[in-house]
Amino acid sequence: MKCVRPLAYSRDGVSLQLLAGQKALRIPAVAALVAVLGSALAVWPTLIVAGTIVACIVVLAARAPAYAFLLSILLFASEGSLKAMVAHEGTPFVASTDAVGAALLDLCLTASLVALVRDDSARKLRHVWESLPRSARIGLVLLVIWMVISVIQALVIGSLSQGLHGFRLVQAYVVVGVLGALLLGRLSQKTLVPLLLSGLLLVSGYALFRLVVGPSDVERTYNLSRAGIETYGGVGRAAGSFSAAAGLASYLVPAAAFAFVLALALPRYRLLSSAVFGTAVVGIIGSYVRTGVVALVLGLLLGGGLLVAQSGWSRRRRFALLGVVVLVIVAGGIGTAIASRASPDLMARARVFVHPLEDESVQLRLTTWKVTLEEVGRHPLGTGVGSVGRASGYDGDGTVIADNSYLKILREQGLLGGPIFIAGVIVLLVGLGLASLDRSRPVDPIVVGALAGVSSFLALGVAGEYIEQPGKVLAWFFLGLAVLQIERARAREELATGG
Amino acid sequence: MGDVLTSVVERIGHGRTSQIATWATITCLLVAVPIALTLAREPRFAASITATSQDAQTPSSALATSLRRLLEDPTVSAGTAQDARLILIDQTDFAERVTAIPTAGGVLVTVTGGTPDEAVRLADALTRQLQQAAARSGLRIVFENTRIPRTSRLVDRVVNALPGTFPRRPDPLWAGLAGFVVAVVAFAGASLLDSKRRHGEVREARD
């Protein structure tokens, strides 16, 4: 007869005693925990709430890692509000409050990624690899090579602490975003899309809310305490739940491009996607990040263009789609022009759309780019990962900027790492774009939307170190999502053909 | 996700009365305890500066008027914020923290901060700014820091003993709401763990 271990709630004599003993210990333990938690909440409420949410996500990661990962991507959008409130309340830790806030969010991402990797990742990745067209495979390989070069350079060239910081700020999130998306196999489209759009609506909705009522005192104090321009002629720039306006734009630009494509091509989610797009666009305009508007337009044109290029749609439908794209771009331009009338400083800045080379900020950027390229010439092997951008300021020698994400990587990693990264991204995007245009299968709006999203983020990177901004998490996730969707389409095809 | 929600609903809808009562009690405690402890803390800490005129014939009221005029100078508020390493959102924020009241010996200027350290920094910075502003205006005023804030309440003294810098008092409503959120999230987490455990037991029984 098979020996069955008695369960805690069974009714035989031994386990009832066990149950009673456990209950006797449980009550004081719970009471002590409540007392400690209650006291801690009176001192560091935000930290305790954040810690509890993180703990719940870690538990969720063990149970449903795909949901935990998606939630972590969306939770990343709260980085500014979280850091602001933790900075206001303080922490019992030695590390800075920014570091504590960042660590909590990174813990969610890491825990969910680890759980995804443990869940039959080798098989999933093999399927993904086999389903990709050759050009996309080359792009992925180039990115992997770039990652290996980055690890070596972070350890060998320049300051180790700077290298690790820089690696964490850029390369680590590429791995997390792309790999996590690739391993989301079990999450169906019917669950993924509404969850993702709902989360993005919360993010953009909060940004809109703060644009209307103004930031909270805590958020405003935190925004003003950071380096960067957060007001123009007395008009505050929208930052939403992010640390700064640039962070908001970096997240909302890819979100808006993604939502726009879905609104055009997925009638089921049209209302939700349109809400996300509308609120995100208002947030982007309110952030007064001019490059954000340009990058979004490029994303819309790419997404709209890929949809129009699909077969299976009537000419009338394609013209209607083109008309919508043009109308949205024109409306966005009008909205930007109206928003710029809020102050003379903003009106002066808005002239960049008409006379870009006369703009002081553009001229400064061109000078910075020239200086950066000269540095690349002086250090062809690179100045070290983390030597440009936010990580360069950690050693106290001042922050080195390149005002361009690609020149940043070129300067850090030299003539080897820089071109490999740029080539890898371009080749992968082109490969995925061509795969999405495959006329032998119906259009996948999620692929197109994801490509529009990541492309608009990469366009944003031309004007600043946006590759370090919070939107990177969403953008790299979109890149992985595009790859995953292509794999799913091929898997469905193989199932249908019995191959 | 359906399993997770199901386990949460099962806990609410089909859980034993004692379990529901326990969670309700825990939630109430996690809301009430933080609010009570927060209300027991000092909301603001004050540091004082005594201003006396070097001209003995100047009445305190006139001195107070002069001082208030100096305090309305945006240079004074901006300089104070910069010196004290504080971000003051606007002049109103500064005006809420600083008061000038005539006394028998002169004028008592009181500054408040969220923590004792902040109040002291503000007082020191304001003293320097007022000295400079008074000199620019040709006023002969002597400033002296008088009262240093102390943590007098029991809860504040306990908080002061905790690691890290002295944390300012959070908003009691936020502390209570945070307790509620923690209770809800902990309940969800416990349900997840419970459903995982039950899932494991069912699999074991099947084996």
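Basis for what follows: all heavy atoms, side chains included, without hydrogens, waters or symmetry-related copies. Order of the sequence lines sets the chain letters (A, B, ...), proteins ahead of strands, with each chain counted from 1.
- Nearest heavy atom pair, residue A/Pro45 against residue B/Ala175, reads CB-CA, 4.3 Å.
- By the 4.5 Å heavy-atom criterion applied to side chains, A/Val34 and B/Leu30 are counted as neighbours.
- The 12-atom threshold is exceeded at CZ of B/Arg153, counting heavy atoms of other residues, nucleotides or ligands nearer than 6.0 Å.
- Taken from NE2 in A/His88 to CG in B/Asp171, the straight-line distance is 8.5 Å, to the nearest 0.5 Å.
- When side chains are defined from C-beta on, A/Glu89 does not count as touching B/Arg168, because their heavy atoms never get closer than 4.5 Å.
- Of all the listed residues (A/Ala31, A/Ala55, A/Ala66, A/Gly38), the one sharing the greatest number of non-hydrogen pairs under 4.5 Å with chain B is A/Gly38.
- The candidate from B/Ala32, B/Gly189, B/Pro172, B/Pro34 with the greatest count of non-hydrogen atom pairs under 4.5 Å with chain A is B/Pro34.
- Among B/Gly164, B/Pro163, B/Ala40, B/Gly176, the residue with the largest count of heavy-atom pairs under 4.5 Å with chain A is B/Pro163.
- Note that the CG atom of A/Leu41 and the CD1 atom of B/Ile35 stand 10.5 Å from one another [nearest 0.5 Å].
- Between B/Pro167 and A/Val43, some side-chain heavy-atom pair lies under the 4.5 Å cut-off.
- Within a 6.0 Å sphere centred on CD of B/Gln82, heavy atoms belonging to other residues, nucleotides or ligands number 12 at most.
- Residue contact with chain B, scored on non-hydrogen atoms closer than 4.5 Å, involves the backbone and the side chain of A/Ser39 alike.
- Contacts between B/Arg169 and chain A at a heavy-atom distance below 4.5 Å are absent for every atom of the residue.
- Contact annotation for residues 178-186 of chain B against chain A (heavy-atom separation below 4.5 Å, listed by residue number): B/Ala178, B/Gly179, B/Val181, B/Val182, B/Val185, B/Ala186.
- To the nearest 0.5 Å, atom CG of residue A/Leu33 and atom CD1 of residue B/Ile26 are 8.0 Å apart.
- The side-chain heavy atoms of B/Leu162 and A/Trp44, taken from C-beta on, include a pair separated by under 4.5 Å.
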